[in-house]
There are 2 protein chains.
Amino acid sequence: MTEQPKHQNSSETPPHERTLKRAISDADKDLRRNEILAAAKRVFSSKGFHSTTIADIAKDANLSYGSIYWYFDSKDALFHELMAVEEQALKDYIYAARKDATTRPDQSFQAAVQATFEFFEADKALVKLLFRDSYALGDRFEAHLFRIYEGFIGDIEAVVTHYQEKGEIIDAPPHLVAFSIAALITEFAHRRLETDDGLPASVVADFVIKLLLEGLLPRRKDRSGGQ
Amino acid sequence: MTEQPKHQNSSETPPHERTLKRAISDADKDLRRNEILAAAKRVFSSKGFHSTTIADIAKDANLSYGSIYWYFDSKDALFHELMAVEEQALKDYIYAARKDATTRPDQSFQAAVQATFEFFEADKALVKLLFRDSYALGDRFEAHLFRIYEGFIGDIEAVVTHYQEKGEIIDAPPHLVAFSIAALITEFAHRRLETDDGLPASVVADFVIKLLLEGLLPRRKDRSGGQ
DNA sequence: CTATGCTGACTGATACGTCAATCTATTAGG
DNA sequence: CCTAATAGATTGACGTATCAGTCAGCATAG
């Protein structure tokens, strides 16, 4: 048993022109972290959680394998962070959309639904991975996803209760109503990821909202929707 | 290098009372196949796809590792078969429920929705695995699941078109309507797998149908639902 | 010179699928 | 009716591959 050195990068020309600037300052480190997150986003999106390896991410980020572990504790931790980042991004996007549609409250709601569709479509694969597939990744991510989902349902429920108090919508159990709305939105959003039905987000958003508000049974013309 | 025999179950008492009857006849082989499927069902349910190993299934089925491969080509093939079997079981269950509710057509629909909830609840973990999580398992299962889902939507769409022709529901795009119905059903069904809201299936089914039919906006009393 | 960002070979563990050996129910032969 | 041969069902160790995470060492900014 001869002791042999583990590293021998002698007697060879450097394989690539590795011109990696070291991240020294906190700002640089944040930047590198974000580069890794961006790489992870790309790779996870295209290959799914189980099929992407840390090596894949490292390669995409132009970093070595070990460096990933310098910035993140584990593959799971990296994925959790992605979930959190994207959740925030979605919230921000929706918030901005609702703020733009200040004219009428129900328009604000329509804007939120539409914004959700748009957000999903902007980043199809990743959103699918984070907001659906991660259910299947076991308890570790399921809890996180569930928390995210509950948050959105809570937001919707607040809106529902608000309108119920004003008597503008019927007195169905608000949580069930909120869940139904969320269900339709997420399912439609995911549906649109798989099959491109060619419909613009606004049309689908309109359809969903009209269906929820008016129902399938014909209505007498005499009563219109608004307040 | 001494040739050593690979098996030496000599000089030992048989570890278990292995009283495995060989499956010779076609009927026996079918039986064994089904035993394996049942074992796979149990193990997959409790551990998820990636965490269950062929060894787990073999153990649960009281068979050796290799025998699984005598009956199935691969882990994937086994899982695909489970999907197919359960899809058929769900269809049968719904069909039976609708047949029982022959009194009125809309009752038949309510029965179908309720039956779906019941079916999901009877086998929570497995159904969740097969009808949701397998999306995340990569293209191989995604296509299969998608096909199943499309089949159900097609069935619903037929019902929707039927009622539209009779003028009993509004003239919204039938495919979108069918998809919405499917979306609400599946999301509620899955929801009920995770959080036990304590509501009986019939109540939830009623809620879903009423929401879809009547919508959230208040209706004038003067027009009732049925024909 | 030193702290630390960075590297990538290595370890250990896991698990799929294969296969030669073994076993047994059935059949063929005496 | 009994025994040997055959088919094919069953077994589990092995080959092979994959990967998450570690770590000893390298390199560079300050």
Side-chain angles (χ1 to χ4, degrees), chain A residues 1 3-12 14-33 35-36 40 43-44 47-59 61-79 137-138 140, chain B residues 1 3-10 12 14-16 18-33 35-36 40 43-44 47-59 61-79 137-138 140:
Chain A
M1 304 221 180
E3 272 315 307
Q4 53 211 127
K6 308 211 168 172
H7 288 250
Q8 65 273 50
N9 55 345
S10 53
S11 72
E12 288 289 343
H16 310 306
E17 352 63 62
R18 298 221 96 279
T19 8
L20 182 60
K21 191 102 182 344
R22 287 194 163 191
I24 305 293
S25 69
D26 280 7
D28 281 348
K29 287 201 262 190
D30 266 17
L31 217 60
R32 182 124 311 159
R33 245 184 104 80
E35 282 170 14
I36 295 175
V43 184
F44 275 134
K47 308 179 72 169
F49 181 81
H50 272 105
S51 296
T52 75
T53 68
I54 299 294
D56 291 330
I57 297 171
K59 198 172 180 184
N62 267 310
L63 280 175
S64 73
Y65 188 93
S67 289
I68 307 298
Y69 284 93
W70 182 260
Y71 287 94
F72 296 92
D73 286 342
S74 66
K75 191 182 174 185
D76 278 22
L78 181 47
F79 195 77
L137 262 33
R140 6 173 223 184
Chain B
M1 305 218 179
E3 273 313 311
Q4 52 211 130
K6 309 214 167 169
H7 288 251
Q8 65 273 47
N9 54 346
S10 52
E12 288 289 343
H16 309 307
R18 298 220 96 281
T19 6
L20 181 61
K21 190 105 180 347
R22 287 196 162 192
I24 305 293
S25 69
D26 280 7
D28 281 349
K29 287 201 262 190
D30 267 17
L31 216 60
R32 182 125 310 158
R33 245 183 103 82
E35 282 170 15
I36 295 175
V43 184
F44 275 133
K47 310 180 71 169
F49 181 81
H50 273 104
S51 297
T52 76
T53 68
I54 299 294
D56 291 331
I57 297 172
K59 199 174 179 183
N62 266 309
L63 281 175
S64 72
Y65 187 93
S67 288
I68 307 298
Y69 283 92
W70 182 262
Y71 288 94
F72 295 92
D73 286 344
S74 66
K75 191 182 174 184
D76 277 23
L78 181 47
F79 194 77
L137 262 33
R140 5 174 222 183

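All values derive from a computational prediction rather than experimental measurement. To find a chain, count down the sequence lines: A is the first, B the second, and so on, and within it residues start at 1.
The backbone N or O of A/D56 sits less than 3.5 Å from a side-chain atom of A/T53, completing a donor-acceptor pair. Between the side chain of B/S67 and the backbone N or O of B/W70, no donor-acceptor pair lies under 3.5 Å.
Within the 4.5 Å cutoff, no side-chain heavy atoms of B/L63 are placed close to those of B/E35. Counting heavy atoms from C-beta on, the side chains of A/R33 and A/F72 come closer than 4.5 Å. Proximity of A/K29 to A/Y71: side-chain heavy atoms (C-beta onward) are separated by under 4.5 Å at one or more points.
Between the P atom of D/dT11 and the CD1 atom of B/I57 lies a distance of 15 Å, rounded to the nearest Å. Rounding to whole angstrom units, CG of residue A/L78 and P of D/dG21 are separated by 10 Å. One can place CG of B/D26 at 13 Å from C1' of D/dA9, the figure rounded to the nearest angstrom. Protein atom CD1 of A/I68 is 18 Å distant from nucleotide atom P of D/dC23, rounded to whole Å. When rounded to the nearest whole Å, the span between CZ of A/F79 and P of D/dA20 equals 13 Å. Atom-to-atom, CG of A/N62 to C1' of C/dG8 comes out at 15 Å; the value is rounded to the nearest Å. Following rounding to the nearest Å, A/W70 (CH2) and C/dG8 (P) show an atom-to-atom distance of 16 Å. Rounding to whole angstrom units, OH of residue A/Y71 and C1' of C/dT7 are separated by 13 Å.
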Checklist entry - What's the verdict on side chain to side chain contact (heavy atoms under 4.5 Å, CB included) for A/K59 and A/V43, showing C-alpha distance, side-chain angles and the deciding distance? => result CA-CA 10 Å; A/K59 198 172 180 184; A/V43 184; over 6 Å; no
Checklist entry - Does the pair A/I57 and A/F44 meet the rule for a side chain to side chain contact (heavy atoms under 4.5 Å, CB included), with working shown? => result CA-CA 8 Å; A/I57 297 171; A/F44 275 134; 4.1 Å; yes
Next on the checklist: Evaluate A/F79 against A/R140 for side chain to side chain contact (heavy atoms under 4.5 Å, CB included), listing each step before the verdict.
Outcome noted: CA-CA 11 Å; A/F79 195 77; A/R140 6 173 223 184; over 6 Å; no
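Remark: B/K75 qualifies as a cation-pi partner of B/F49 under the 6.0 Å distance and 45° angle criteria applied to the six-membered ring.
Residue B/F72 is classed as having no contact, given no heavy-atom separation below 4.0 Å to the nucleic acid.
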Give me, pair by pair, the N or O atoms of the protein and of nucleotides 24-29 of chain C that are less than 3.5 Å apart, along with how far apart they are.
unit_1	atom_1	unit_2	atom_2	d
C/dT24	O2	B/R22	NH1	3.4

Identify each atom pair where a protein N or O and an N or O of nucleotides 14-18 of chain C are less than 3.5 Å apart, giving names and distance.
unit_1	atom_1	unit_2	atom_2	d
C/dC16	OP1	B/K75	NZ	3.3
C/dC16	OP2	B/I54	N	3.1
C/dG17	OP2	B/Y69	OH	2.7
C/dG17	OP2	B/K75	N	3.1
C/dG17	N7	B/Y65	OH	2.6

Item to check | Paired and unpaired positions of DNA chain C as dot-bracket, Watson-Crick or G-U wobble under 3.5 Å, | denoting a partner strand | outcome: ||||||||||||||||||||||||||||||
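Listed pair A/S64 / C/dT7 meets the phosphate criterion, a side-chain N or O lying under 4.0 Å from OP1 or OP2.
Note that OG of B/S74 and CD1 of B/I68 are 12.5 Å apart. Values are rounded to the nearest 0.5 Å. Interatomic distance, B/L31 CG to B/I36 CD1, rounded to the nearest 0.5 Å: 11.0 Å.
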